[in-house]
*Asks:* 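Got a structure for you, written out below as structure tokens; questions coming shortly.
Throughout, a chain's letter reflects where its sequence line sits, starting with A, and its residues are numbered from 1.
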Amino acid sequence: MSYLTDNREDMQHLLMGNEAIARGALEAGVNVASGYPGTPSSEIIESLAKVAKERNLYVEWSANEKVAMEVAAAASFAKLRSLCAMKQVGVNVASDFLLHLGLCGTRGGMVLVTCDDPGALSSTNEGPSRHYAQMFEIPLLEPGDFQEAKDMTKWAFELSEAIKSVVMVRSVTRVSHASGNVRLGALAETERHAEFRYDGSPLSADEGPAESVPVGQKHRLQQEKLQMATQLFEESPFNTYQGPEKPELLIITASAGNLYTREAISLLGAEDRVGLLKLGTTWPLPSRLLKRYLAATDKIMFVEEVLPFLEENVKILAAEKAREVGVKTFYGKNEGTMPKTGELNPDIIVSALCKILKIDYLTIDPDYEQKLQMPPIAGVPERARTFCPGCPHRASFWSIHNALQMDNRRGFVCGDIGCYAMGRFPCGFNTTKTLHAMGSGAGLASGFGKLAQFGMNQPVLAVCGDSTFFHAAIPALVNAVHHNSNITLVVLDNSGTAMTGFQPHPGLTINAMGDEAQEIDITKVCEAIGAKVETRDPFDLEETQTTLNRLIEDGQGVKVLILRQECALSPEKKHTKQYDMQIDENLCLGEDCGCNRLCTRIFQCPGLVWDKEKNKARIDEVLCVGCGVCSLICPAGAIERKEVA
Amino acid sequence: MGGIPLSKDPYNLIITGVGGQGNVMASRVLSNMLVRKGYYVTIGETFGASQRGGPVMSHIRVSAQSAWSPQIPRGRADIVVSLEPIEAIRILKSYGNPNVKVLTNTRPIHPVGVISGELDYPSVEAIKVSIRKLSSIVWFIDATEEAMKLGNPILGNIIMIGAVFGTGELPVGRETFKEVISESLSEDRLDINLKAFDMGASLIA
Amino acid sequence: MGGKDKIRGQEELQRVVLNRNLCTGCGACINLCPYFKSYRGNTTILFPCTLVQGRCFAYCPKVEVDLDDLSQKFFGRPYNCDPLGPYQTIMISRAGKKIKRAGFQAGGTVSAIIYFALRKGYVDGAVLTDRDGLLPVPRFVTNPEDVFTCVSSKYSAAPTLSALNQGIRDGFKQIGIVATPCQVLATVLMRSNPLEDLNFVDPTGLVVGLFCTWALDFRGFEGYLSERIDTERIAKIDIPPPPAEAMEVYMEKEENMEIPLDEIRQLVPDGCSYCIDMTAEFSDISVGALEGYPDMNTLIIRTERGRKIVHEARKEGYLIVSDIPKVNLEHLKWAAGNKKRRALTKVKQERIVNTLEEDKASYLRLNTATLEGITA
């Protein structure tokens, strides 16, 4: 039975952190859930969407995270329980609203789940989100394992209603995407009725208009809420201690640091020397609780990802309470024991503990280590990421790159976020030359396109995906058209939000719950804004490139070229093949002058393999999806494609 | 809690391969089988961007006593199950030790660096010799070949699960597999998956 | 003598020709492989090629051109000081009665000869240059009537040899080419089988060279003109011989335009200033204007196969020839000699002739006697 609907008593399931969070929300009786796809958070909304009908939920993939948070807040103002989920950068997008939401307060319980990506495993940054809790003065919870991911999320709704504030639950990749045993609780059976009341006094939490003003009074009220939360945190079961009463070293940790540190202590057999204080409530800090543990030893170590958020806040507390707790030696990021960048793992903590506690620990047998230095083991080839076989982006970047080379004026492309962010790698022919946040490609292009008066004559292009278009590129496009910036925006429309798992977006006719939705036509939007718009199939290389060259030469204003072709992983395309591909070895020029292995050396589709023995290219039947594009680039016409009946 | 005590506690299993091979599904199925038997299981994985042709690895911690970190410490793998041969070597470099056991598919998937001619892919012989050097016991099986015979290369991951059972390293079997798999597959797909499981087990004989 | 060892690949070609602005866009490197492209007059590289030796380098007329080697192979003697290059006869000519008038630049000699050669099967296809607005476009012609769509001079360089390369790939074996001196030089490099391919067979049937003092960079020229006129409506462009100091642009419906040559000269690519050849010395026949006679051409016959085709064309009424006036011949020799001397002096000064260092590619190689004789 699915963990989402299993209501049998005391059942255990193996759940991913995100699944546990979704289950926690269902046990709390969540009514509305919204978000924008972002690794490592996407499964939360996906899971809730699966049971939307059954559990009478409204679940939405919103156009972007700011709107998602507003949608969830509306539900809360109407006395429903709501959840919004996003990755760390999503909070940046929603932050303006979050600031005001903190001041304004909530009604029905509202939980913001943010999933950070320390080490940037699936992001272009490893930026923070916890600091928002401190900055915007809202409570922050961090699950330390999968059971807590569920239990904390459930409790977060109760906390939110107790103090009438949005509550932030912060997860990381190694909790969200890792799995473990979770004991389920009962699914909620409460019915809630939506009503937004607004006639009461401005300071009435449940009856007045939902506003952040009058600021002075609301701000003071907000701070009182935090004090209430702090009181509750002092007794919270989510703050746990394991170890001797007077440890040699106290480790203060949260989130994924919890499981890593336990493992490290166990590996070193240091259970009787080290105390582990795992905090689940990390803002505001439960100061009485902390004082007790700070007083128990001189040496304090912090384990957290990425920035020293916990470390610095505890140090402030220690400084304020110095007379009571005594002077401490701190080990953490600021003095260099723990790394300031990247994600953690048990070995990093083991290494730090060995230094502090003067323990010898052998990670790897030296003979074994020797063997690892020998070829071919040492030189095992790296496995770089690339576009999937049949990916339209490979074809699009081929044409864009070649059009720019032929134009020969040092034109460039501003990149954006999605699978096509890989346009900066050889798999995308190193075509994109900038990469920042969602929509930044079009924004930067808008700027670059106005620099002609300073002598810049390099053609300016930008790429963005169909989902990114709705998320963030529209204001940039408006800006460019209004200011008559000379640019070409290429919209890579593969009919879905592919990188994160192919979720729907406003350009499609289907929504998160699988219902029919109003499709918004990208062409019409661009035309309405005032750009010149054309659409091509990126698999038609010649037509695409000719069009691009013409658009690049048009020195007037904003041109939009929509390259429309479905993602190779889309449900419709995934198990179909348009062409059967074959290589005629008699025609294949291989490494000879006239080819120099164009298909395998440059085009690099994983479905094409270079056979070193035969000195010919070969199709990998397992990987090739039969898109047929490679047959268009072979200078010898050696790649044959035949339509599958 | 409390399944049959394991040969080692925690028992550390790494399943690795290339994005798209069904690595995640295999680790999910195997882990659910172990949870059924009453064990604490933690899986640590990365997906999303790593699917795009990059390597994928799942760290699976199995324990009769408690939950462990989703990342296995360096040099602490007990068995490496690999859907692609050089990925096995890559894992052994970080998590191998003289006692580790290795169960690996032999079919290469060329990284783009190899396809483009910049990097060399070691010969199958060299790979076998290397893995033998780095482990205590190795099983090499041609899971993809067998899967293609059964009609779909993606069944390779199920064959590997059957092979894990065949090694006797973990206390799970065909019945638990059937139980777990029937919950997510339709009746008509059950048969072929059981065939794949049995095929995998038979390859370790 | 450099020989095959001196031949390098794309990387070196980019370094010593493209990056040094020596390229004149002849098209010899285009359509050999997917990496070189020509677009609106610019030769560019799409992707790096890692081959150590390639045909692109071997055929390029701006690097490792051994003039003695070529002269020996095709004319049986080393390169010498003759300002017009080797030839059998030089006369004046124009299209004969059998050719209908069709907007010829001057005498229509080239069109007549190519038309004749195609009709009679001396060539199985012809590489010509057409025009799309102002942009010259290479064309491979098999139907003799199509020759007349490619009449009139184009003053900016076209990658005409890309059509030759395509024609060879398409299996034509007796190709006729109408080309500028740098293009003719590239053609003769190709014909000399520089990479010593054992299966090589000369795919050309007739090489017609055009006189040329310089060409214009297309993009610069288009930019300059489009600020002043509608380039789609140009009927013909001409630069009359001295003392005229202007380029004449004849328009379809609007007023004709005159552009002072001083303004045009800045649009000449650097590569042209290194060119020593005004009359296409390695052709079968070369054709140019005839000063003082706007309806006639100067015709130089160099080789036996060139002579034969001209003779037959005359016999059958496709071509009319007559003796060249002495003053025209003297003036032509003087003009051609000047270009040769100027360019060789520059090449000597920049030390890109007869270089000895292993890692330094030479543009030209020729015997010292001739080099000193011309630059004295």
*Asks:* Is there a side-chain contact between A:N408 and C:Y39 in this structure, where contact means two heavy atoms from C-beta onward sitting under 4.5 Å apart?
*Replies:*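 A side-chain contact under 4.5 Å is absent here.
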*Asks:* Inspect the surroundings of CZ in A:R410 and state if more than 12 heavy atoms from other residues, nucleotides or ligands are less than 6.0 Å away.
*Replies:*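 No.
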*Asks:* For the CD atom on A:Q582, are there more than 12 heavy atoms of other groups (residues, nucleotides or ligands in this structure) within a distance under 6.0 Å?
*Replies:*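 Counting other residues, nucleotides and ligands, CD of A:Q582 stays at 12 neighbours or fewer.
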*Asks:* Surrounding CD of A:E542 (heavy atoms of other residues, nucleotides or ligands, distance under 6.0 Å), is the total greater than 12?
*Replies:*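 Check fails, neighbour count at 12 or below.
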*Asks:* For A:K614, I'd like to know if atom NZ has over 12 heavy atoms of other residues, nucleotides or ligands within 6.0 Å.
*Replies:*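 No, NZ of A:K614 has 12 or fewer neighbouring heavy atoms, counting only those of other groups under 6.0 Å.
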*Asks:* Among C:N31, C:N42, C:L51, who wins on heavy-atom pairs under 4.5 Å with chain A?
*Replies:*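 Answer, by heavy-atom pair count under 4.5 Å with chain A: C:L51.
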*Asks:* Where does A:R601 contact chain C at under 4.5 Å (heavy atoms): side chain, backbone, both or neither?
*Replies:*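 Side chain only.
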*Asks:* Should we count NZ of C:K173 as having more than 12 external heavy atoms under 6.0 Å?
*Replies:*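 Result for NZ/C:K173: open.
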*Asks:* Heavy-atom pairs under 4.5 Å with chain A - which of C:G54, C:P48, C:P34 has more of them than the others?
*Replies:*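 Top count of heavy-atom pairs under 4.5 Å with chain A: C:P34.
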*Asks:* Rounded to the nearest 0.5 Å, how far apart are CZ of C:F57 and SG of A:C593?
*Replies:*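 Between C:F57 CZ and A:C593 SG, I get 12.5 Å after rounding to 0.5 Å.
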*Asks:* Between C:L32 and chain A, with a heavy-atom cut-off of 4.5 Å, which part of the residue counts as in contact: side chain, backbone, both or neither?
*Replies:*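 Looking at C:L32, just its backbone touches chain A.
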*Asks:* Mind ranking C:C56, C:C49, C:G9 by heavy-atom pairs under 4.5 Å with chain A and telling me who comes out on top?
*Replies:*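 Ranked by heavy-atom pairs under 4.5 Å with chain A, first place is C:C49.
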*Asks:* Nearest 0.5 angstrom please: A:L598 CG to C:F47 CZ, how far?
*Replies:*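 With rounding to 0.5 Å, CG (A:L598) is 7.0 Å from CZ (C:F47).
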*Asks:* Would you say C:Q266 has more than 12 foreign heavy atoms packed within less than 6.0 Å of its CD?
*Replies:*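 Correct, the count exceeds 12.
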*Asks:* Does a sphere of radius 6.0 Å around CD in C:Q53 hold more than 12 heavy atoms from other residues, nucleotides or ligands, not counting ones at 6.0 Å or beyond?
*Replies:*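 Result for CD/C:Q53: enclosed.
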*Asks:* Chain C heavy atoms under 4.5 Å from A:D592: which part of the residue, side chain, backbone, both or neither?
*Replies:*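 A:D592 touches chain C through backbone heavy atoms alone.
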*Asks:* Counting heavy-atom pairs under 4.5 Å with chain A, which one of C:T43, C:T50, C:I45 comes out on top?
*Replies:*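 Result: the option with the highest number of such pairs is C:T50.
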*Asks:* Could you tell me whether a side-chain N or O of C:Y35 sits under 3.5 Å from a main-chain N or O of A:G594, the two making a donor and an acceptor?
*Replies:*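 Not confirmed, C:Y35 side chain does not pair with A:G594 backbone.
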*Asks:* Could you tell me which portion of C:R40 (side chain, backbone, both or neither) has an atom closer than 4.5 angstrom to a non-hydrogen atom of chain A?
*Replies:*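 For C:R40, the side chain is the part near chain A, not the backbone.
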*Asks:* Do any of residues 394-403 of chain A have a heavy atom less than 4.5 Å from a heavy atom of chain C, and if so, which, in residue order?
*Replies:*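 Residues of residues 394-403 of chain A touching chain C at under 4.5 Å: A:W398, A:H401, A:N402.
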*Asks:* Is it the case that atom CZ in C:R139 sees more than 12 heavy atoms from other parts of the structure closer than 6.0 Å?
*Replies:*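 Yes, CZ of C:R139 has more than 12 neighbouring heavy atoms, counting only those of other groups under 6.0 Å.
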*Asks:* Please determine, among C:K37, C:R55, C:R169, the option with the most heavy-atom pairs under 4.5 Å with chain A.
*Replies:*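 Maximum pair count with chain A is reached by C:R55.
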